[in-house]
Structure formats: structure tokens, C-alpha cells
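When a ligand or atom number is given, it counts from 1 through the structure's own listing order. By convention here, the first residue in the shown sequence is residue 1.
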Amino acid sequence: MKAHYKSLSLFLILLIFAGWQMGLAQDKKLPNVVILATGGTIAGAGESGTEAGYTSGAVTIDAMIAGVPGITDVASIKGEQISNVGSQDMSFDIMLKVAKRCNELLAKNDVDGIVITHGTDTMEETAFFLNLTVKSDKPVVMVGSMRPSTAVSADGPLNLYNAVAVAGDPNSKGRGVLVVMNDWIHGAHSLTKTSTTAVQTFLSPLRGLVGVSTYGNNDFYSSPSWKHTKASEFDISNVTKMPRVDIIFACADMSPDLFDACANNGAKGIVVAGVGNGNMNKASLDAAAGVVKKGVVVVRSSRVATGSVGRNVEVSDDELGFIASDELNPQKARILLSLALLKQRTPQELQNLFYTY
Ligand code: ASP
């Protein structure tokens with residue numbers, strides 16, 4: 001009888017040990033993903049599930065993770081709150097903080113990828129900033145939502161689930177900063193917000209999708225061909241303030257005095273969201289050429305949703321000293337120009353940056 005009990009307890013001990021080992025093995029397989037939370041609608045809360053009004057950045061990262069069933073089966077997750085703002089209040093200061101934290105975390109062996117929760121309004125700007133300043137090929141994935149966490153059919157939980165799955169996927173490596181929204185995986189260079197309210201707001205009109213993520217199953221189609229992350233020459237490790245760059249929106253009969261207003265208020269660069277192929281009226285061309293003579297860099301981009309802006313097409317860039325934005329929309333051209341202005345560069349060098357990044 002005694003011997004029977006002994007072998008039974010030995011069996012139970014072995015069983016517990018085996019279970020513990022299996023648990024460990026399973027844990028080991030999970031990638032380590034850190035979520036950096038910055039705010040946005042994904043962390044937004046409204047009074048009721050069907051009300052349009054809500055406050056961005058009202059929910060903490062821990063509450064957001066707790067609201068996504070099954071997310072801890074996809075990765076071993078740690079959350080950090082970097083800020084809690086609607087992305088209309090995103091600033092270069094917060095972008096620098098996020099970039100520096102990404103670089104610190106990604107240098108560690110026990111971090112496999114990063115997810116950044118962010119408002120959608122300026123998501124493409126932060127994505128592009130990180131694309132140029134993160135020094136790692138490990139996945140960095142941005143995510144947001146169009147509906148607040150309290151809404152009926154909130155899109156945030158599944159977006160976050162997919163983003164964590166993409167960040168923990170070794171196949172995401174080396175593709176630059178990615179944005180995961182509504183099952184689609186976009187590259188930072190090409191994506192843009194196209195609808196003020198629709199859940200399917202992000203498109204990558206010129207270059208198409210990097211892939212799709214369906215309930216955490218990822219399928220990659222392409223890799224962005226522009227220089228990014230590890231290959232980027234921009235280093236913000238000692239930067240505490242970014243140079244001011246303003247955007248002027250062109251229109252019929254636009255006011256030329258906006259150029260001097262920007263320059264006189266400290267802008268080191270101006271991006272023109274031009275009409276058509278980066279055009280502006282004659283008076284504005286003269287005003288823009290005037291500020292170039294004073295040392296301000298002027299980049300011609302376009303207010304049109306797709307297409308690139310070419311050099312010397314309808315405007316003589318060579319003569320007037322302008323830079324053409326190529327495929328970058330005004331808000332991304334502004335990010336690149338500000339980073340470029342951290343150092344003295346010739347117009348030719350500046351133009352080459354727009355062909356490279
Ligand atoms: N205004 C919000 C933000 O950008 C909108 C959103 O997140 O969708 O933070």
C-alpha cells in the first residue's frame with residue numbers, strides 16, 4: 001500500500017514537472033513585445049456607445065491590453081505610457097521621446113518588437129519620423145483606431161491584436177516602420193489618412209500594401225524600397241529640439257505674404273502644399289524665391305492626394321532654388337526637411353534626400 005502511494009506521488013510530481021516544463025517551453029516561444037502608448041482615439045472614451053463625441057487619450061495602456069481577449073497568447077507584453085494625447089497634439093518633443101525609447105528598447109535582446117498606439121490624425125507623421133530615426137530592423141508597428149474604446153463595434157481591440165501579432169512576427173523585420181489598421185499593413189513612406197471618420201481610412205495610394213493581418217495571421221506582399229531605420233543617416237540620439245518647418249497650403253489667388261510670415265517667425269524650412277504638380281501663383285513663387293535668398297529651404301509638395309512632384313516641370317527649381325518633394329506629401333516632406341536641417345546641406349544634397357527616403 002505504502003509503495004503504491006509512493007509511486008503515485010512520484011507520478012504526480014513528474015506530471016507537474018512536465019506540465020511546468022511545457023508551460024515554460026510555450027512561454028519561451030512567445031515573442032516579447034513592448035507597447036508604447038501615446039493616446040489617440042484607440043484610448044478614447046465617450047459617454048455612450050453610439051455618440052460621435054468623445055475624448056481622445058482617456059484610457060491607460062493597461063486598460064487597453066485588458067480589453068483585448070487572447071492578446072497575451074500572441075506575445076508576452078509589457079506596456080509603457082509615453083503620453084496620453086490626441087494626435088492633433090503630437091509634437092516633435094513627443095516624437096523624439098518615442099524614437100529614443102524605441103532605440104533603447106530595441107537594443108535589448110529580450111525585446112523582439114514594439115507597438116506604438118497613436119491617434120490617427122498625425123499617425124503618418126510619427127510613423128515617417130520613426131522610419132527615419134529608429135536604428136534597428138526589429139519590427140516597430142503603429143496602431144490606432146477610428147472609433148473610441150466605448151463605441152459599438154470599436155475597432156481598436158482587433159487593430160491592437162493584429163499590431164502585436166505583426167510586431168512579434170520575424171517576417172516583419174527589415175520592412176521599416178509599419179502601420180496596422182483595419183487588417184491592412186502599411187509602410188510609413190506611403191500610407192496616408194484619407195477619410196475623417198471611416199474605419200477604412202488609411203490607404204497607401206502610390207505603393208500599395210506591405211501586407212495584411214487577419215486575426216493575427218500575417219501575409220506580407222512587399223517591402224518598402226525607400227531607405228529607412230538601420231540604413232537611415234539621421235541620428236537623433238543627441239537632439240533635443242527639431243528645426244521649425246511650416247507648411248503653406250496653396251490655393252487659387254493665394255496670399256504671398258505667408259512666406260515672409262513663416263520666415264520672420266523662425267521657420268528654417270517651408271513646405272508648400274502646392275496645387276497640382278507643386279504649383280503656386282506667380283506672386284507666391286516670387287515670395288518663396290525671396291525667402292530662399294534669406295536661407296530658408298523651400299520644398300514644393302502637393303495638396304493633391306496622389307502622384308509625385310517633379311523638379312523643373314512647371315516651376316524652374318534650378319533657377320529659384322527650390323526642392324521637389326518627389327512622392328512625399330506635405331506633412332511627410334515637413335518631417336524629412338526638419339531632420340535634414342539638423343545639419344548644413346547643399347540644395348543638391350537636400351534634393352537627393354527626397355529621392356532616397
Ligand atoms: N483626433 C484623434 C487623434 O488623432 C483621432 C484618432 O485617433 O482617430 O488622436
Side-chain angles (χ1 to χ4, degrees), residues 35-65 67-68 79-99 101-102 114-131 140-164 166-167 177-188 190-205 213 247 249 273 305 329-332 334-335:
I35 304 182
L36 302 180
T38 69
T41 297
I42 192 166
E47 293 280 295
S48 82
T50 51
E51 207 183 325
Y54 65 95
T55 311
S56 259
V59 179
T60 63
I61 181 58
D62 292 334
M64 273 160 63
I65 295 169
V68 186
E80 284 181 27
Q81 197 80 44
I82 299 280
S83 62
N84 214 354
V85 295
S87 75
Q88 52 272 44
D89 284 318
M90 186 48 56
S91 61
F92 273 137
D93 287 349
I94 303 177
M95 287 187 209
L96 283 168
K97 199 171 162 188
V98 175
R101 188 65 186 132
C102 284
I114 291 181
V115 168
I116 298 157
T117 59
H118 196 287
T120 60
D121 289 356
T122 60
M123 172 112 66
E124 63 199 88
E125 289 162 63
T126 304
F128 193 53
F129 184 86
L130 297 175
N131 201 43
V140 173
V141 180
M142 298 193 61
V143 65
S145 76
M146 289 301 286
R147 296 182 181 139
S149 63
T150 45
V152 172
S153 294
D155 51 331
L158 185 54
N159 285 350
L160 186 57
Y161 184 92
N162 285 339
V164 168
V166 173
V177 172
L178 301 172
V179 172
V180 173
M181 287 281 298
N182 211 28
D183 293 0
W184 286 5
I185 308 171
H186 301 267
S190 300
L191 96 151
T192 193
K193 186 171 182 178
T194 63
S195 165
T196 52
T197 53
V199 167
Q200 185 59 294
T201 186
F202 281 103
L203 297 176
S204 292
S213 180
I247 298 177
F249 197 91
N329 67 19
Q331 54 273 35
K332 287 189 207 170
R334 173 177 174 266
I335 298 288

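Residue pairs meeting the salt bridge (charged side-chain N to carboxylate O under 4.0 Å, His left out) criterion with at least one member in residues 80-89, sequence neighbours excluded: Glu80-Arg101.
Scored by the salt bridge (charged side-chain N to carboxylate O under 4.0 Å, His left out) test, Asp155 finds no partners at all (sequence neighbours excluded). Considering only residues two or more places apart in sequence or on other chains, Thr122 meets the side-chain hydrogen bond (donor to acceptor under 3.5 Å, both in side chains) condition with Ser87.
Within 6.0 Å of CD in Glu47 there are 12 or fewer heavy atoms belonging to other residues, nucleotides or ligands.
No side-chain donor-acceptor contact under 3.5 Å links Thr117 to the backbone of Gly144. Between the side chain of Thr201 and the backbone N or O of Lys193, no donor-acceptor pair lies under 3.5 Å.
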Would you mind listing each N/O atom of ligand 1 next to any protein N/O under 3.5 Å, plus the distance?
from: ligand 1; atom 1: 1 (N); to: Gln88; atom 2: OE1; distance (Å): 2.9
from: ligand 1; atom 1: 1 (N); to: Asp121; atom 2: OD2; distance (Å): 2.8
from: ligand 1; atom 1: 4 (O); to: Ser87; atom 2: N; distance (Å): 3.4
from: ligand 1; atom 1: 4 (O); to: Ser87; atom 2: OG; distance (Å): 2.5
from: ligand 1; atom 1: 4 (O); to: Thr120; atom 2: N; distance (Å): 3.3
from: ligand 1; atom 1: 4 (O); to: Asp121; atom 2: N; distance (Å): 3.0
from: ligand 1; atom 1: 4 (O); to: Asp121; atom 2: OD2; distance (Å): 3.4
from: ligand 1; atom 1: 7 (O); to: Thr41; atom 2: N; distance (Å): 3.0
from: ligand 1; atom 1: 7 (O); to: Thr41; atom 2: OG1; distance (Å): 2.9
from: ligand 1; atom 1: 7 (O); to: Thr120; atom 2: N; distance (Å): 2.9
from: ligand 1; atom 1: 8 (O); to: Thr41; atom 2: OG1; distance (Å): 3.1
from: ligand 1; atom 1: 8 (O); to: Thr120; atom 2: OG1; distance (Å): 2.5
from: ligand 1; atom 1: 8 (O); to: Ser145; atom 2: O; distance (Å): 3.1
from: ligand 1; atom 1: 9 (O); to: Ser56; atom 2: OG; distance (Å): 3.4
from: ligand 1; atom 1: 9 (O); to: Ser87; atom 2: N; distance (Å): 2.6

